[in-house]
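The structure appears right after this line, and notes come after that.
No hydrogens, no waters, no symmetry mates; every other heavy atom, side chains included, goes into these values. First listed ligand is number 1; within each ligand, the first listed atom is number 1. For clarity, every value in this text was computed on a predicted model and none was experimentally measured.
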Amino acid sequence: VIGLYDSGFGGLTVLRRVRDALPDRDLHYFGDSGRAPYGGRDVHTILDFAEQAVEHLVGRGCRLVVVACNTVSCVALRHLQHRYAGPGSDVRVLGVTIPGAESAVRATRGHVGVLATARTVASHTYVTEIHKLDPSVRVTQLAAPLLAPIVEEGWEDTEIARLAVDRYLDALGPVDTLLLGCTHYPLLMDQFAGRGPTVVDPAPYLAERLVEWLERHPQFDPPGTGALSFSCSGDPERFARLGSRFLGAALPEVHLVAEVGGRLLPGDPDAAPVGQVVRGGR
Ligand code: DGL
């Protein structure tokens, strides 16, 4: 089973591409929707959430974890790789930033704009990765903190989304290529399209790279039956409802992973209780 992890359901844009590229693989997606958005959070909280998410996925039998979330990939990927995928480990953790940087460098004529969360921008990871590939490319970054919540709310086709995108593109200035540095932004593709810059969504290229990676490292995920399964913190019904639009199909049951005392609860919590709840013990 390949595990995919995102802060919410924006990463379903990545899951969709991975499923298309690898239709025989079993995929499990964990969206930390109860704690999203991550993009304005501090680094240590993101490291903590990311560790919990990887442990959840490894606990479900995933030997390969794909961090679909740009914010997590930009600040925590190295840490996750050291902690869970070091020498001797049978787990591997891959991220979205290098495929993102590569697709931007392939597309650009010299000036890349990166729209992303505040934490991704503050990390400078996209600038670093793009410059490793081609130091002559100019990179202008801008945090667009309103966009992920607009998508999480399912408002990507509304006037609010259009106004927010307009304003961020104006502030970004003239770039020839726009890298969508956040999982949620491909859902706003209709708003970004036709504005001048070539719009780059890293997800299709990430899926291509993953196919090649699995050819080289088949031991990390044997072909399965193409089964999809889902878990999330937060409200699973809302996750299924909003998520199905982006998957283009109804989601099967979404399994709740409750957060209690700052930790993700292993095992199956009871169905969400209604009304007053008294906890056992004192
Ligand atoms: N998934 C996050 C990312 O790709 C965006 C949403 C968030 O801030 O949690 O950066």
Side-chain angles (χ1 to χ4, degrees), residues 3-18 29-50 52-54 57 65-77 79-80 93-101 103-104 113-127 129 141-156 161 164-165 168 178-189 192 199-207 230-235 238-239 242-243 246-247 259 264:
L4 285 103
Y5 158 47
D6 180 42
S7 57
F9 59 75
L12 292 171
T13 56
V14 177
L15 174 82
R16 195 172 180 161
R17 301 296 187 158
V18 170
Y29 181 97
F30 171 65
D32 201 2
S33 49
R35 307 192 285 194
Y38 280 13
R41 289 185 182 269
D42 70 278
V43 170
H44 296 288
T45 304
I46 293 168
L47 290 175
D48 180 32
F49 288 176
Q52 294 180 38
V54 171
L57 288 168
V65 173
V66 176
V67 177
C69 180
N70 292 261
T71 305
V72 174
S73 293
C74 281
V75 304
L77 187 65
H79 170 74
L80 297 172
V93 185
L94 305 177
V96 76
T97 29
I98 291 178
S103 30
V114 182
L115 280 188
T117 65
R119 180 54 56 207
T120 295
V121 167
S123 77
H124 277 264
T125 300
Y126 271 121
V127 181
E129 294 300 339
Q141 308 189 90
L142 182 70
L146 286 182
L147 297 185
I150 286 174
V151 172
E152 291 275 325
E153 199 60 31
W155 287 1
E156 58 279 0
V165 165
Y168 287 130
L178 176 66
L179 174 62
L180 302 183
C182 172
T183 46
H184 293 50
Y185 302 171
L187 306 174
L188 293 162
M189 194 58 103
F192 285 119
V199 184
V200 173
D201 167 13
Y205 187 56
L206 175 136
F230 297 86
S231 56
C232 74
S233 57
D235 177 358
R238 179 171 180 269
F239 188 92
L242 294 176
F246 308 123
L247 201 65
E259 185 208 37
L264 295 176

Residues L142, V121; criterion side-chain contact (heavy atoms from CB on, under 4.5 Å); working and verdict: CA-CA 7 Å; L142 182 70; V121 167; 5.8 Å; no

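- Both tests pass for R35 against the ring of F49: distance under 6.0 Å to the centre and angle within 45° of the axis.
- In this view, V75 and I46, R119, S123 satisfy the side-chain contact (heavy atoms from CB on, under 4.5 Å) rule, not counting sequence neighbours.
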Close N/O pairs between ligand 1 and protein, under 3.5 Å:
{"residue": "ligand 1", "atom": "1 (N)", "partner": "D6", "partner atom": "OD1", "Å": "2.7"}
{"residue": "ligand 1", "atom": "1 (N)", "partner": "S7", "partner atom": "OG", "Å": "3.0"}
{"residue": "ligand 1", "atom": "1 (N)", "partner": "T183", "partner atom": "OG1", "Å": "2.8"}
{"residue": "ligand 1", "atom": "4 (O)", "partner": "N70", "partner atom": "N", "Å": "2.9"}
{"residue": "ligand 1", "atom": "4 (O)", "partner": "N70", "partner atom": "ND2", "Å": "3.2"}
{"residue": "ligand 1", "atom": "4 (O)", "partner": "T183", "partner atom": "N", "Å": "2.9"}
{"residue": "ligand 1", "atom": "4 (O)", "partner": "T183", "partner atom": "OG1", "Å": "3.1"}
{"residue": "ligand 1", "atom": "8 (O)", "partner": "Y38", "partner atom": "N", "Å": "3.2"}
{"residue": "ligand 1", "atom": "8 (O)", "partner": "G39", "partner atom": "N", "Å": "2.8"}
{"residue": "ligand 1", "atom": "9 (O)", "partner": "S7", "partner atom": "OG", "Å": "2.6"}
{"residue": "ligand 1", "atom": "9 (O)", "partner": "Y38", "partner atom": "N", "Å": "2.6"}
{"residue": "ligand 1", "atom": "10 (O)", "partner": "T71", "partner atom": "N", "Å": "3.0"}
{"residue": "ligand 1", "atom": "10 (O)", "partner": "T71", "partner atom": "OG1", "Å": "2.6"}

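- Partners of R17 according to the salt bridge (Lys or Arg N to Asp or Glu O under 4.0 Å) rule, which considers only residues two or more places apart in sequence or in another chain, do not exist here.
- Between Y5 and F30, the two ring planes are parallel [angle under 30°; tilted spans 30° to 60°].
- By the salt bridge (Lys or Arg N to Asp or Glu O under 4.0 Å) test, D42 pairs with no residue at all, sequence neighbours left out.
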